Amino acid sequence: MRTPAKNAARDAGLDPTRIPKHIAIIMDGNGRWARQRGLPRLAGHVQGYATVRAMVESAIDLRVQALTLYTFSSENWSRPKNEVDGIMRLIAHAARNELDELHENGVRVIVSGRFDDLPEDVRAELRHEMNVTKDNNRLILNLAINYGGRTEIVDAVRAIAAKAANGELKPEEVDDELISAHLYSPHLPDPDLLIRTAGELRISNFLLWQIAYTEIWVTDVLWPDFSENDLIMAISDYQKRVRKFGKTADQVV
Ligand code: IPE
Ligand code: IPE
Ligand code: MG
């Protein structure tokens with residue numbers, strides 16, 4: 001079992017009482033990392049997997065409660081077949097190989113996305129991983145796989161419409177809370193901090209509903225190069241922000 005330093009956050013110069021509870025990451029730049037080295041794109045994804053391992057450990061040490069990682073978007077199916085197949089193999093391999101360590105460290109793995117459209121072997125590994133880790137609560141690791149923010153809202157609206165059609169709920173009962181409760185991972189709080197690596201200033205169909213008031217931090221660092229130090233920089237920047245939620249600054253300080 002991993003035993004983090006008593007106060008990894010304080011040691012890093014962070015305020016341990018203001019660690020974001022839920023961090024979401026758009027892990028971008030694997031392809032560019034590989035191209036810079038004259039390697040196939042898949043080599044970038046393999047190196048990106050190493051970063052995921054390190055970031056899960058850092059999140060545990062810093063006492064982050066939930067980490068959502070954009071692993072494969074609903075739009076990423078349109079990449080070349082060998083890249084898509086390679087990423088799917090990597091996801092299945094990671095689910096199998098990391099299971100024992102994640103479980104020992106109290107990590108609960110969940111998946112957000114259209115699960116049923118994933119290849120059967122990938123589904124089987126993920127299902128097993130989710131099942132084994134289901135009672136853990138030190139860190140929730142939410143893997144967004146075959147995930148699209150619009151698709152998630154479409155799926156929620158369909159479920160709500162079905163309930164309305166069979167009389168289970170009335171249209172006037174539809175509110176923010178009800179919609180949140182029909183998303184892929186309804187028990188997760190909205191992310192406090194969204195990190196995007198590799199510099200693009202866009203959301204790329206990630207967590208459209210949940211990021212209404214999330215703080216955003218973008219770095220040019222490519223995901224395979226992203227380190228604990230970068231994570232600490234992002235959290236440090238987050239801790240300097242005033243989250244106003246529509247109020248005036250005077251009202252919130
Ligand atoms: C992100 O890295 C990983 C996935 C989308 C699966 P990219 O593969 O998008 O890397 P770039 O944007 O081409 O550098
Ligand atoms: C977003 O990255 C998806 C993931 C990180 C899994 P993309 O590389 O697919 O995003 P775009 O195409 O640059 O917007
Ligand atoms: Mg990209």
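Count residues from 1 along the sequence. Keep in mind it's a predicted model, so treat the numbers as computed, not measured. No hydrogens, no waters, no symmetry mates; every other heavy atom, side chains included, goes into these values.
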- All heavy atoms of Ile110 vs all of Ser185, minimum pair found to be CD1-OG, 3.8 Å
- Glu125 meets the salt bridge (charged side-chain N to carboxylate O under 4.0 Å, His left out) criterion, sequence neighbours left out, with Arg96
- Query: His45 side chain to Ile87 main-chain N or O, any donor-acceptor pair under 3.5 Å?
  - Reply: no
- Contacts of Trp33 that satisfy ring pair (Phe, Tyr, Trp, His ring centres under 6.0 Å) - sequence neighbours left out: none
- In terms of heavy-atom contacts, does CZ of Arg150 have more than 12 from other residues, nucleotides or ligands at under 6.0 Å? no
- Value for NE2 (His22) from CG (Leu194), rounded to nearest 0.5 Å, stands at 9.5 Å
- Side-chain (Ser73) to main-chain (Gly148) donor-acceptor, under 3.5 angstrom: no
- Of the non-hydrogen atoms in Val64 and Pro20, which two are nearest, and what is the gap between them? CG1-O, 3.9 Å
- If you measure from CZ on Arg196 to OH on Tyr70, what distance do you get to the nearest 0.5 Å? 8.5 Å
- Side-chain donor or acceptor of Asp190 paired with backbone N/O of Ile211 under 3.5 Å: no
- Message: A side-chain contact here means heavy atoms from C-beta on lying under 4.5 Å apart; do Arg89 and Leu42 qualify?
- Response: yes
- Answer yes or no: are there more than 12 heavy-atom neighbours, outside Glu120 itself, under 6.0 Å from its atom CD? yes
- Query: Are the side chain of Thr51 and the backbone of Pro224 linked by a donor-acceptor contact shorter than 3.5 Å?
  - Reply: yes
- Qualifying residues under side chain to side chain donor-acceptor pair (under 3.5 Å), relative to Glu129, sequence neighbours excluded: none
- Message: Is there a side-chain contact between Val56 and Asn105 in this structure, where contact means two heavy atoms from C-beta onward sitting under 4.5 Å apart?
- Response: no
- Considering residues, nucleotides and ligands other than Arg10, do more than 12 of their heavy atoms fall under 6.0 Å from its CZ? no
- Among residues two or more places apart or on two chains, list those pairs meeting salt bridge (charged side-chain N to carboxylate O under 4.0 Å, His left out) that have a residue in residues 215-237. Glu215-Arg241, Glu215-Arg243, Asp237-Arg241
- Message: Whether the side chain of Tyr184 engages the backbone of Tyr147 through a donor-acceptor N/O pair (distance < 3.5 Å, no angle test) should be reported.
- Response: no
- Query: Transitively linked via ILVMFWY side-chain contacts under 4.5 Å: Val157 with Ile160?
  - Reply: yes
- Message: Quick check for you: to the nearest 0.5 Å, what is the distance between Leu14 atom CG and Arg63 atom CZ?
- Response: 12.5 Å
- Message: As an exercise, state the distance from CD1 of Ile232 to OG of Ser58, rounded to the nearest 0.5 Å.
- Response: 7.0 Å
- Min side-chain heavy-atom separation Thr133-Val107 under 4.5 Å: no
- Chi angles and distances behind the side-chain contact (heavy atoms from CB on, under 4.5 Å) call for Trp223, Ile25: CA-CA 10 Å; Trp223 178 248; Ile25 308 184; 3.7 Å; yes
- Query: Is it true that Leu69 and Met88 fall in one hydrophobic cluster, defined by side-chain heavy atoms closer than 4.5 Å?
  - Reply: yes
- What is the minimum heavy-atom distance between Leu188 and Ala66, and which atoms define it? CD2-CB, 3.8 Å
- Separation of Ile195 CD1 from Ile216 CD1 (nearest 0.5 Å): 11.5 Å
- Shortest non-hydrogen contact from Ser227 to Met55? C-CE, 3.4 Å
- Item | Any residue meeting side chain to side chain donor-acceptor pair (under 3.5 Å) with Gln47, in chain and number order, not counting sequence neighbours | none
- Do Arg53 and Glu101 have side chains that get closer than 4.5 Å, going by heavy atoms? yes
- Please confirm whether the backbone N or O of Lys21 pairs with a side-chain atom of Asp192, one donor and one acceptor, at under 3.5 Å? yes
- Task: Apply side-chain contact (heavy atoms from CB on, under 4.5 Å) to the pair Gln36 and Leu222, showing each step before the final yes or no.
- Result: CA-CA 11 Å; Gln36 283 174 0; Leu222 306 177; 3.6 Å; yes
- Message: Quick check: is Tyr213 connected to Ile23 through a chain of hydrophobic side chains (ILVMFWY, heavy atoms under 4.5 Å apart)?
- Response: no
- Message: Working note: Phe72 + Val84, criterion side-chain contact (heavy atoms from CB on, under 4.5 Å); need CA distance, chi angles, decisive distance, verdict.
- Response: CA-CA 9 Å; Phe72 190 85; Val84 170; 4.1 Å; yes
- Minimum heavy-atom distance Thr197-Asp28, with the two atoms named: OG1-O, 2.7 Å
- Query: If two hydrophobic side chains count as joined below 4.5 Å and joins carry through other members, does Leu126 share a cluster with Leu141?
  - Reply: yes
- Check whether any side-chain heavy atom of Met27 sits under 4.5 Å from a side-chain heavy atom of Thr71, and report yes or no. yes
- Any side-chain heavy atom of Ile179 within less than 4.5 Å of one from Val174? yes
- Quick one: are Leu207 and Pro191 in side-chain contact, heavy atoms under 4.5 Å? yes
- Check the hydrophobic clustering (I, L, V, M, F, W, Y; side-chain heavy atoms under 4.5 Å; chains of links allowed) and say if Phe206 and Leu183 are grouped together. yes
- What residue pairs, at least two apart or across chains, pass salt bridge (charged side-chain N to carboxylate O under 4.0 Å, His left out) with a residue in residues 153-171? Arg114-Asp155
- Task: For Ser74 and Asn146, work out which heavy atoms get closest and say how close.
- Result: CA-OD1, 3.7 Å
- Looking at side-chain heavy atoms only, is the closest gap between Asp176 and Trp209 below 4.5 Å? yes
- Measure the spacing between CE of Met130 and CZ of Arg108 and express it to the nearest 0.5 Å. 9.5 Å
